[in-house]
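The structure under discussion appears below in the form of structure tokens.
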Number of protein chains: 2
Amino acid sequence: MAGSVNIKDVARHAGVSVGTVSNVLNRTDRVRSDTRARVEAAIAELHFVRNESARQLRAQRSRIAGVLVLDITNPFFTEVARGVEDVLGAAGLSVVLCDSDTDEDRQDRYIQLLTEQRVQGVLVVPVGPIDRQVTRLRRQGISVVLLDSEAPEGLACSVSVDDVGGGRSAVQHLLALGHRRVAFVGGKGRESQVADRAKGAHVAFLQHDEPGAELVSVTARALTIEGGYEAATQLLGMPEAHRPTAAFCSNDLLALGMLRELSAEGVSVPDDFSIVGYDDIDFAAAATVPLSSVRQPARDLGQLAGELLLEEASGLAHEHRQAVLGTELVVRASTAPPRRKSARRARRA
Amino acid sequence: MAGSVNIKDVARHAGVSVGTVSNVLNRTDRVRSDTRARVEAAIAELHFVRNESARQLRAQRSRIAGVLVLDITNPFFTEVARGVEDVLGAAGLSVVLCDSDTDEDRQDRYIQLLTEQRVQGVLVVPVGPIDRQVTRLRRQGISVVLLDSEAPEGLACSVSVDDVGGGRSAVQHLLALGHRRVAFVGGKGRESQVADRAKGAHVAFLQHDEPGAELVSVTARALTIEGGYEAATQLLGMPEAHRPTAAFCSNDLLALGMLRELSAEGVSVPDDFSIVGYDDIDFAAAATVPLSSVRQPARDLGQLAGELLLEEASGLAHEHRQAVLGTELVVRASTAPPRRKSARRARRA
DNA sequence: CACTCTGTATGAATCGTTCTACGGAGCAGC
DNA sequence: GCTGCTCCGTAGAACGATTCATACAGAGTG
């Protein structure tokens, strides 16, 4: 049976008071070594496991932090989570990972859950505006750091990436190669990250200032491999005269999906079409046509966010900071100058 | 301030007793509608958020289930987690994801954490033998289901995949194509899944019974893309006479890494070398040389495990069951008959 | 011997919620 | 008017660990 053995059972079994057992658990040095040994023996014998709910109730705070990401199947976010884990784990906090699946309702449910748990802190990659939820968390004394998204001044700490710059560098690269019609592939969602990457793409076009150059917007159902298939199909459906010769995809999943679908349809990358992705996940380099991609320092992002959270949670004087990390364009094999007009056209399926 | 407003504050503010507030929260129908409205107004006004620790303490059980996987950056496991979420989320349980990173210590720490939290249940992809931990969890009244690994009869429910069968079908495919020297690529770990896949590979060889056919074992540092690069290097380092003409990799990460490294070294897949992966993650189909792979029904696996957990946790009479799901070999472009002897050899870098 | 000081152990109060036993009000039936 | 309901609401005892004020024993000091 055993059901649940508590500190009182341990105390009785060891012939001491509950206070002493608690001391063995939490302030080991305050108890004589023979007493401690007796208590520890009782703990082992009865298979006592501390009830964290009771502990938390008393302590008014848990030893857990939550990480809430947009898409747990996207390696970029799991890499970020690992970065968080690196830092918080070392500080003795446990990290639990939650997946909003880019759904505001799910995001809010998880935030509610974490609030009810009175976690130490929450690191969240937000879906849509999140000011209200941040205020609510703060009101419960829960630290918040925004991940991969810049917080409004004074609202919270945030660690983001210069997505405008990243988007710009991707498109500059394509323009420099000689492409004039470039697709920007985004999703239906209104993630600020994607919007910023799009903005960066526009900036690159404005700076380029070549007459006739055109940025075409393509919208996939979701920022997934599937979405990439779909976006490729959309591109192939365009009349050749207006079809872009290159695409900047707002993440690598899209880019890999598009790469695959184009190859399957006989469009050669990079000879017939160039692709730049975003995130530089491991799979980007591992693609057989290794993908040019805008690298985000995912692990660093997570680590820095973890540090900011610890700083805020420590209760010391704390000024919210907005860290913005840089990106790095990694050029691989999926980008090349466009084929000359005279060359044979991509075969349609 | 606000700090923490509790049910008592709400009661005072609404002019009722704490019991009534609790009833509004938990058994809404037992309270007259005007009273309820008053309480709800007070809750909203004071920004009351239920303290889940106290609730759990009283209820002796949380509304959370934990999923503990080997590698959170491997899309196979996150897909399994989504399957679990599908089922448990619908049942009103929240799911938290933990990453053992194939490390027994980390695994044990997370199990300890989940035990202290008195979660409803734990779904775990085990690292090494786990009987002791299962017994311990069970003793605390926590349900356990093993994922992707078959539990010893009577110990726990488990949902696994016929890895021996999967391994066999992969290697049978290669043998049928005419390969005679085949590499099995595993890792340093002692995961039972990998061992079973290796066993399946051996079975295929035994059944094939062709003199001179040879199964070569290659060990990567880890079952990751990096590990795949490394395994490819090992293969390329072998004297050509003994070098396998095909590899069965124990997961897709390895396979994709190997595919990439071989391509980079001028070895063409599948012309010079065939590769079969395992898991059939989305990235496998999306590789530019789409990967032949043994598909595991990841999401189904998670869903079924979730259902078994709910059944066990419901407290009804419950017999532990071992579900074993089948695999399906998905043949794509990374496998082909071996090049004839006379053909040119792969160029070394 | 009286005193203080130090090192240990104790016991009760506390955290916030749930839930059971109970009570008062209103109503029907006799 | 009494009994027996139902409906709503209340009071207070749990749940299990932590912690603080306190007690006590023994050593050291004068």
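Here is the naming used below: chain letters follow the sequence lines, and residue numbers restart at 1 for every chain. What you are looking at is a predicted structure, and each value in this text was computed from that prediction instead of being measured.
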Distance-minimising heavy-atom pair for B:Asp71 and B:Phe77: O-CD1, 3.4 Å
Proximal nucleotide (of D:dT18, C:dT18, C:dA9) relative to the A:Arg32 side chain: C:dA9
Whole-Å gap separating P (D:dC15) and CD1 (A:Ile7): 15 Å
OP1 or OP2 of C:dA9 under 4.0 Å from side-chain N/O of A:Thr35: yes
Evaluation steps, side-chain hydrogen bond (donor to acceptor under 3.5 Å, both in side chains), between A:Ser100 and A:Gln107: CA-CA 5 Å; A:Ser100 70; A:Gln107 167 181 277; 5.1 Å; no
Heavy-atom donor-acceptor pair, A:Arg58 side-chain to D:dT18 base, under 3.5 Å: yes
Contact state string [nucleotides 22-28 of chain C, B base, S sugar-phosphate only, - no protein heavy atom under 4.0 Å]: -------
Atom pair distance, as rounded to whole Å: CZ in B:Arg63 and P in C:dT18: 13 Å
Nearest non-hydrogen partners of A:Leu57 and B:Asn51, listed with the distance: CD1-ND2, 4.4 Å
Side-chain N,O (A:Asn26) to OP1/OP2 (D:dT18) below 4.0 Å: yes
Sugar-phosphate, base or nothing in reach of A:Arg36, heavy atoms under 4.0 Å: nothing
B:Arg118 (side chain) donor-acceptor with A:Ser53 (main chain) under 3.5 angstrom: no
Distance in angstrom units between B:Arg27 CZ and C:dT17 P, rounded: 16 Å
Length of the CD-P vector between A:Gln60 and D:dT18, whole Å: 14 Å
Salt bridge present between A:Glu311 and A:Arg321 (N-O < 4.0 angstrom): yes
Per-nucleotide protein contact string for nucleotides 21-26 of chain D, where B marks a base within reach and S marks sugar-phosphate only (heavy atoms under 4.0 Å, - for neither): ------
Phosphate contact (D:dT18 OP1 or OP2) by A:Arg50 side-chain N/O below 4.0 Å: yes
B:Thr35 side-chain N/O to B:Val31 backbone N/O, donor-acceptor pair under 3.5 Å: no
A:Arg61 CZ - D:dT18 P separation (whole Å): 17 Å
Below 4.0 Å: OP1/OP2 of C:dG16 and any side-chain N or O of B:Asn51: no
Candidate pair A:Arg50 and A:Asn26, rule side-chain hydrogen bond (donor to acceptor under 3.5 Å, both in side chains), full reasoning: CA-CA 11 Å; A:Arg50 204 206 238 120; A:Asn26 303 294; 3.0 Å; yes
C:dC15 OP1/OP2 closer than 4.0 Å to side-chain N/O of A:Arg55: no
Length of the line joining B:Ile43:CD1 and C:dG16:C1', which is rounded to integer Å: 14 Å
Minimum side-chain heavy-atom gap B:Asp105-B:Arg109 below 4.5 Å: yes
Cationic N near anionic O, under 4.0 Å, A:Arg138 to A:Glu312: yes
Nearest heavy-atom neighbours spanning B:Ser149 and B:Ser158: O-CB, 3.3 Å
Residue pair A:Arg82 / B:Asp101: nearest heavy atoms and the distance that separates them: NH2-OD1, 3.2 Å
Closest-nucleotide 5' rank along DNA chain C - winner of B:Val49 and B:Arg30: B:Val49
Heavy-atom side-chain proximity of A:Ser33 to A:Arg36 below 4.5 angstrom: yes
Contact under 4.0 Å: B:Gln56 side-chain N or O vs C:dG16 OP1/OP2: no
Residue pair A:Gln112 / A:Glu116, side-chain donor-acceptor N/O under 3.5 Å: yes
Separation of atom CD in B:Gln117 from atom P in D:dA17, rounded to whole Å: 13 Å
Nucleic acid contacts of residues 16-24 of chain A, taken as heavy-atom distances under 4.0 Å to DNA chain D: A:Gly19, A:Ser22
Atom-to-atom span, CG of B:Asp29 to P of D:dC7 - whole angstrom: 11 Å
